[in-house]
2 protein chains.
Amino acid sequence: MSRSLARENTRLDLSRHAARLFLERGIADTSGDQIAAAAGVATRTLWRYFRSKESAVEPLFAQSSLRFAAVLRRWPREVAIEDLFHASLGPDKQAPQDLADDILVVRLLARLADEPALRTAWLMSCHLGEEHLIEIIAERLDRPRGDFEVRLCAATVMAAIRIVDETVSLAAVKHGLKTTTAEVNEHLAQAIRRASTLPFCDPVTPRIWPDEKHAPSSAKAAQ
Amino acid sequence: MSRSLARENTRLDLSRHAARLFLERGIADTSGDQIAAAAGVATRTLWRYFRSKESAVEPLFAQSSLRFAAVLRRWPREVAIEDLFHASLGPDKQAPQDLADDILVVRLLARLADEPALRTAWLMSCHLGEEHLIEIIAERLDRPRGDFEVRLCAATVMAAIRIVDETVSLAAVKHGLKTTTAEVNEHLAQAIRRASTLPFCDPVTPRIWPDEKHAPSSAKAAQ
DNA sequence: GCGTTACATGTCACTAAATGACATTGTAAA
DNA sequence: TTTACAATGTCATTTAGTGACATGTAACGC
């Protein structure tokens, strides 16, 4: 196993233990020592991985937004977002470990109102997701990554995703509402559609370039 | 002077000193002791006001988003957002202290890329602004505050404001671009318009109620 | 006016978070 | 094997942040 991959695993493992302990006793009553001990590493190692104990849950958040981003990156240009979600998002599409991680995330999100420190971690993860979205949208619309319009769209779309995540999590944990994946997908697609300031949700036809027949390569160069 | 008002002043004063020191030497090289000493209070007092030294800049952020929210709260229903901004936002409309605070904010925002701890504070302040927006939009559209549509719209609009703020600040500080207030206002209004998922930017006519002539009071009761 | 109350702040001891310095181990390539 | 390097462990140390209690001070009733 590659070195950096092993590091990522340690990181995630620490993150899972941190999340579990935070859920069991709250953040204030969980010490760095406890997290490290639970994961079976030295305390010093924990602080090598994280700048604060709250930020220890970020990899867990990042993990799930990364999986989501991965789906969007494989998004064929002629497919609408609803169809993409229908085809790619579902409990049967996920490894058991990922499913367990998602449950942890949902339970954490349900506590945002009580734990301000948790929200900072969540918002930072959303910011990370926003940067993924910038790339995805820029790529899909053949626009440069620095484009203000692209950044704006990524920000509003990420905001929509965040609100849906928070709402669904709260409904599930606090009110015991069992929403089906299909419903969540529809909810999510609809929110993203409404939030998006650029038309990236619909099929996009590759730009037609006036001078050349084979545009894609030159499009990349133009960026 | 009322007690809680005095507290708010102390809070803001601490926040300004924290911001100045963070800008001068960076967050890592600024200690809680230094911030407290600069503001002329005991270190213990600083920790009574803030849960962490980074969060000490939040009141400064909150202050400026609160002033912005105050403008939106006085927004007549028959006025479009562009006209509101034109009439209410401008350097001549602000107290000198507020102007100085805004400059601090802009300089802080220009450093978000270097200082992750600063971004957490900024994002938390944006979250606060989002909650103000929920009230403002709900009020303007005669919808309940808990409405998902309202929350979604508030989140996307706040995202737009955030992106404009970050972009303008970065442009001003790093590239010395002097943008006029009129330009920023237009930029902001346009971004908000594109981001909004509900039609609150345009004049809204008070709802016509089937049974009554004088709707506003009953509308409030309905909420 | 005076005492009473409530609350903000100061002082100081203390816990917990986070870092620095250096030794040790494990793993990958030469 | 040996070398090399990155990750982790150990321990001392610094800095962030809290608890407990004393002190000051402004508002309130009398």
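Chain naming here is simple, since letters A, B, ... match the order of the sequence lines and numbering starts at 1 in each.
- At whole-Å resolution of the value, CD1 in Ile35(B) and P in dT15(D) are 14 Å apart.
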Within the sub-3.5 Å range, which N or O atoms of nucleotides 11-17 of chain C have a protein N or O partner, and how far apart are they?
{"unit_1": "dA17(C)", "atom_1": "OP1", "unit_2": "Lys53(A)", "atom_2": "NZ", "d": "3.0"}

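- The nearest whole Å value for the distance from the CG atom in Leu46(B) to the P atom in dT18(D) is 10 Å.
- Of the possible polar contacts, one joining the Ser125(B) side chain to the Ala121(B) backbone as a donor-acceptor pair under 3.5 Å is found.
- Within the structure, the salt bridge (charged side-chain N to carboxylate O under 4.0 Å, His left out) test picks out the following pairs touching residues 41-57 of chain A (sequence neighbours left out): Arg51(A)-Glu58(A).
- Using the six-membered ring where Trp is involved, His187(B) and Phe148(A) have ring planes that are tilted, between 30° and 60° apart.
- No donor-acceptor distance shorter than 3.5 angstrom exists from the side chain of Ser88(B) to the backbone of Phe85(B), with no hydrogens or angles considered.
- What separates CG of Asp13(A) from P of dA7(D) is a distance of 17 Å, to the nearest Å.
- Without hydrogens or angle criteria, Arg140(B) side chain to Pro76(B) main chain gives a donor-acceptor distance under 3.5 Å.
- Contact check on Arg162(B) versus Glu130(B) returns no salt bridge, with no Lys/Arg side-chain nitrogen under 4.0 Å from an Asp/Glu carboxylate oxygen.
- Using a 4.5 Å heavy-atom threshold, the side chains of Lys93(A) and Val71(A) count as separate.
- Contact annotation: Tyr49(B) side-chain N/O to dA8(C) OP1/OP2 distance is not under 4.0 Å.
- DNA chain D is contacted by no residue of residues 111-124 of chain A, taking any non-hydrogen atom closer than 4.0 Å.
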With salt bridge (charged side-chain N to carboxylate O under 4.0 Å, His left out) as the criterion, how do Glu135(A) and Arg73(A) come out once you've worked through the C-alpha distance, each side chain's angles and the decisive distance to 0.1 Å?
CA-CA 9 Å; Glu135(A) 294 214 340; Arg73(A) 282 184 206 281; 3.4 Å; yes
